[in-house]
Structure formats: structure tokens, C-alpha cells
Amino acid sequence: MSDEERKEIMNRFYEVLKEYPDVRFNGTYVDENGMGICDWEAPNAEVVREIVEKALGKPPVDPVVMVKRVL
């Protein structure tokens, strides 16, 4: 993905996130194999799915799961 494509996607997410003041996108982290994790602070997984669908025009490809910090 080019820098321009990344900027375009992030701009779409930031626009959608204006509608969700209680949600925070902390970033996407990718390993050397391309495996990525998106870190969100949100009330539930459904809200994240909704935001992704609004920003990208389609539902998330990968599952959205809730986790809690234990350490």
C-alpha cells in the first residue's frame, strides 16, 4: 500500500470517527510477514465493525474481537 493510499484510508476513518466521540483508534501494527492488528478503544466490537464498514464501504475482512488488558 502506498503512502497516498494509507493517507486516504486514514482520512476516511478520521471523518467517520467524528461521529463516535467515545471511540479511539490507536493504530495498526504489522509484523514482518504482513500480519496486522488494529487497536481500538470502543464500547463493543459491533461499533468497530460499523466504523470500518462506513469508512471502507464494506465490512471488515477479519473478525473483530473484544479483548481486555490483563498485564
Side-chain angles (χ1 to χ4, degrees):
M1 185 181 305
S2 72
D3 287 341
E4 189 60 36
E5 289 170 316
R6 277 193 296 275
K7 287 178 188 175
E8 182 181 327
I9 289 170
M10 282 311 303
N11 286 337
R12 283 188 272 170
F13 272 100
Y14 289 137
E15 282 301 311
V16 173
L17 282 169
K18 290 177 183 177
E19 302 171 31
Y20 299 85
D22 60 334
V23 175
R24 181 174 173 189
F25 175 68
N26 297 317
T28 299
Y29 304 88
V30 180
D31 71 8
E32 64 277 355
N33 298 315
M35 169 74 92
I37 301 289
C38 296
D39 180 19
W40 294 83
E41 292 177 40
N44 57 60
E46 186 55 41
V47 169
V48 173
R49 282 187 208 95
E50 185 177 300
I51 292 167
V52 171
E53 188 159 356
K54 284 182 177 183
L56 299 181
K58 59 185 176 184
V61 174
D62 296 317
V64 176
V65 297
M66 289 286 293
V67 297
K68 68 178 181 176
R69 187 175 184 163
V70 295
L71 293 175

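Keep in mind that what you see is a predicted model, and the values were worked out from it rather than measured.
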Minimum heavy-atom distance [X]-[Y], with the two atoms named:
X: T28; Y: C38; answer: OG1-SG, 3.2 Å
X: M66; Y: P43; answer: CE-O, 4.0 Å
X: N44; Y: V47; answer: OD1-N, 2.9 Å
X: E41; Y: N26; answer: OE2-ND2, 3.1 Å
X: D31; Y: N33; answer: OD1-N, 2.8 Å

Exercise. Side-chain heavy atoms under 4.5 angstrom apart, residues restricted to Ile, Leu, Val, Met, Phe, Trp, Tyr: same cluster for L56 and I37?
Worked result: no
Exercise. Considering only heavy atoms from C-beta outward, does the side chain of Y14 approach that of M10 to under 4.5 Å?
Worked result: yes
Seminar exercise, completed: The reported gap from CD1 in I9 to CD in E4 (rounded to nearest 0.5 angstrom) is 11.0 Å
Exercise. Between atom OH of Y20 and atom CH2 of W40, what is the distance when rounded to the nearest 0.5 Å?
Worked result: 10.0 Å
Problem set entry | E8/R12 salt bridge by N-O under 4.0 Å criterion | yes
Exercise. After noting the C-alpha distance and the side-chain angles of I51 and V48, does the key distance pass the side-chain contact (heavy atoms from CB on, under 4.5 Å) rule?
Worked result: CA-CA 5 Å; I51 292 167; V48 173; 5.6 Å; no
Exercise. With sequence neighbours left out, what residues match R24 under salt bridge (charged side-chain N to carboxylate O under 4.0 Å, His left out)?
Worked result: none
